[in-house]
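Report on one structure; see the data block that follows.
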Amino acid sequence: MEKVAFITGAGGFIGRATAIALAKSGIKIAVNDINEEAVAKTVKMIEEAGGVARPYIADVSDSKSITDAIEKAAADLGRLDIMVHVAGGSSRIAGKNAKYAHLIDQEDYVIDTVLKVNLYGAIWASRAAARIMVRQGEGGKIINFASTVGLNGLKGCTDYAASKGGVMSFTKALAKELGEHKINVNAVAPGVVCRDEVDTTTESGRHYAYDTNLLNEKCTADDIAALVEFLVSDKARFITGQTYVCDGGRSLSMKGTD
């Protein structure tokens with residue numbers, strides 16, 4: 001039986017890598033994002049890799065929007081086995097004029113947007129997926145994205161830290177509620193993940209890529225996708241309520257960020 005995964009933020013950097021990785025393992029992918037062009041690109045890349053994908057445009061911060069999309073995906077693809085909530089980000093997701101700022105200077109709309117997308121989005125998407133999985137009665141996997149900033153905090157990112165810390169606590173509570181239904185609930189907490197265009201020949205690029213972890217390695221979206229692939233596999237059948245950190249040791253000291 002082919003499994004079906006709904007992935008939010010699958011038009012983005014990490015979400016796309018995750019969607020492609022799961023598709024290559026034989027999972028049918030419901031590709032979700034608020035950006036229609038980005039969704040279409042991910043669907044095309046999955047199909048070119050030999051996988052199966054369908055597009056679903058929805059806003060994760062809107063309960064009805066994301067719930068309707070997840071229900072439709074399950075109906076279209078016949079079932080739902082996996083939900084991965086990747087959609088999110090720090091203040092930049094609030095628009096081009098949004099800035100990183102200390103809490104005393106941060107604007108309401110930035111805080112509101114960050115909390116709605118990162119934390120509320122996880123809650124809405126998880127609830128919609130859980131309802132379907134419970135109905136099916138065959139278990140399932142729910143993965144929400146946290147962050148090392150949610151573990152240790154970071155100046156200028158109090159809104160982001162609060163949202164991602166909330167995701168980790170939410171993961172623990174939901175795992176307790178859904179365990180009896182054989183639904184595993186876990187979180188992934190990346191550190192600094194480098195986009196391909198990071199120029200590591202410059203001082204700032206080298207610092208961003210290498211100095212913010214203890215292994216002096218460049219973390220890629222594929223590294224994070226590999227962790228998700230493990231957590232949704234049968235190899236992780238006895239793991240639930242956990243936050244898995246993939247940061248090269250960054251969260252041990254938040255090296256290079258304070």
Side-chain angles (χ1 to χ4, degrees), residues 3-33 42 56 58 60 66 69-70 73-74 79-89 117-134 136 138-148 150-151 163-179 181-191 193 219 221-247:
K3 293 183 177 180
V4 174
F6 189 100
I7 303 178
T8 75
F13 181 56
I14 297 176
R16 177 172 291 143
T18 300
I20 292 171
L22 296 191
K24 285 181 177 179
S25 70
I27 298 170
K28 293 180 180 178
I29 309 296
V31 178
N32 164 253
D33 205 288
T42 300
Y56 296 91
V60 297
I66 192 62
I70 292 175
R79 58 184 299 106
L80 181 67
D81 304 281
I82 298 161
M83 194 289 294
V84 186
H85 176 61
V86 187
V117 175
N118 294 340
L119 180 54
Y120 282 28
I123 293 171
W124 302 147
S126 295
R127 183 177 67 177
R131 285 171 173 168
I132 295 168
M133 292 174 185
V134 170
Q136 289 174 168
E138 299 174 14
K141 308 275 190 177
I142 293 175
I143 309 291
N144 283 305
F145 266 58
S147 167
T148 52
L151 287 168
S163 68
K164 294 302 188 177
V167 167
M168 291 187 282
S169 292
F170 170 68
T171 294
K172 293 176 183 178
L174 189 61
K176 292 181 178 182
E177 292 185 358
L178 297 180
H181 300 286
K182 309 301 181 188
I183 299 170
N184 304 68
V185 186
N186 291 294
V188 170
V193 184
C219 180
D222 290 336
D223 292 317
I224 308 303
L227 176 55
V228 175
E229 191 173 2
F230 164 69
L231 287 173
V232 303
S233 74
D234 291 340
K235 292 179 181 179
R237 70 174 191 86
F238 207 60
I239 299 171
T240 196
Q242 306 303 310
T243 295
Y244 272 69
V245 178
C246 186
D247 71 345

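Just the heavy atoms: all of them, side chains too, but no hydrogens, waters or symmetry mates, feed the values below.
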Original post:
Going from OH on Y244 to CZ on F230, what distance comes out if it is rounded to the nearest 0.5 angstrom?
Top reply: 5.5 Å
Original post:
Counting distance only, does the side-chain N/O of D81 pair as donor-acceptor with the main-chain N or O of V4 below 3.5 Å?
Top reply: yes
Subject >> Non-neighbouring partners of Y120 that pass ring-ring contact (aromatic ring centres under 6.0 Å, His included), sequence neighbours left out >> reply: W124
**OP:** Identify the residue among V84, I29, I132, I66 that makes a side-chain contact (heavy atoms from CB on, under 4.5 Å) with F6.
**Re:** I66
Original post:
What distance do K182 atom NZ and M133 atom CE have between them, rounded to the nearest 0.5 Å?
Top reply: 15.5 Å
Original post:
Can you tell me how far the CD atom of E229 sits from the NZ atom of K235, to the nearest 0.5 Å?
Top reply: 9.0 Å
Original post:
Residues in side-chain hydrogen bond (donor to acceptor under 3.5 Å, both in side chains) with T171, at least two apart?
Top reply: none
**OP:** Could you grab the distance from atom CG of N144 to atom OG of S126, nearest 0.5 Å is fine?
**Re:** 3.5 Å
Original post:
Can you check whether L22's main-chain N or O pairs, donor with acceptor, with S25's side chain at less than 3.5 Å?
Top reply: yes
**OP:** Please report the closest heavy-atom contact between A17 and D222, naming both atoms and the distance.
**Re:** CB-OD1, 3.8 Å
Subject >> Donor-acceptor contact below 3.5 Å, side chain T8 vs main chain A87 >> reply: yes
**OP:** With rounding to the nearest 0.5 Å, note down the distance linking CG in L151 to CG in D247.
**Re:** 8.0 Å
Original post:
About how many Å separate CD1 of I27 and CD1 of I82, when rounded to the nearest 0.5 Å?
Top reply: 4.0 Å
**OP:** Kindly give the heavy-atom pair with the smallest separation between S163 and N118, and that separation in Å.
**Re:** OG-ND2, 3.1 Å
Original post:
Should L80 and Q136 count as side-chain neighbours, where that means a heavy-atom distance under 4.5 Å?
Top reply: yes
**OP:** Give the minimum heavy-atom separation between Y56 and A69, together with the two atoms involved.
**Re:** CD2-O, 4.0 Å
Original post:
Do side-chain atoms of Q242 reach the backbone of T240 as a donor and acceptor pair under 3.5 angstrom?
Top reply: yes
Subject >> Nearest heavy-atom neighbours spanning L227 and C246 >> reply: CD2-CB, 3.9 Å
Subject >> N184 side chain to R237 backbone, donor-acceptor under 3.5 Å >> reply: yes
Subject >> Donor-acceptor pair, side chain of K3 and main chain of R79, under 3.5 angstrom >> reply: no
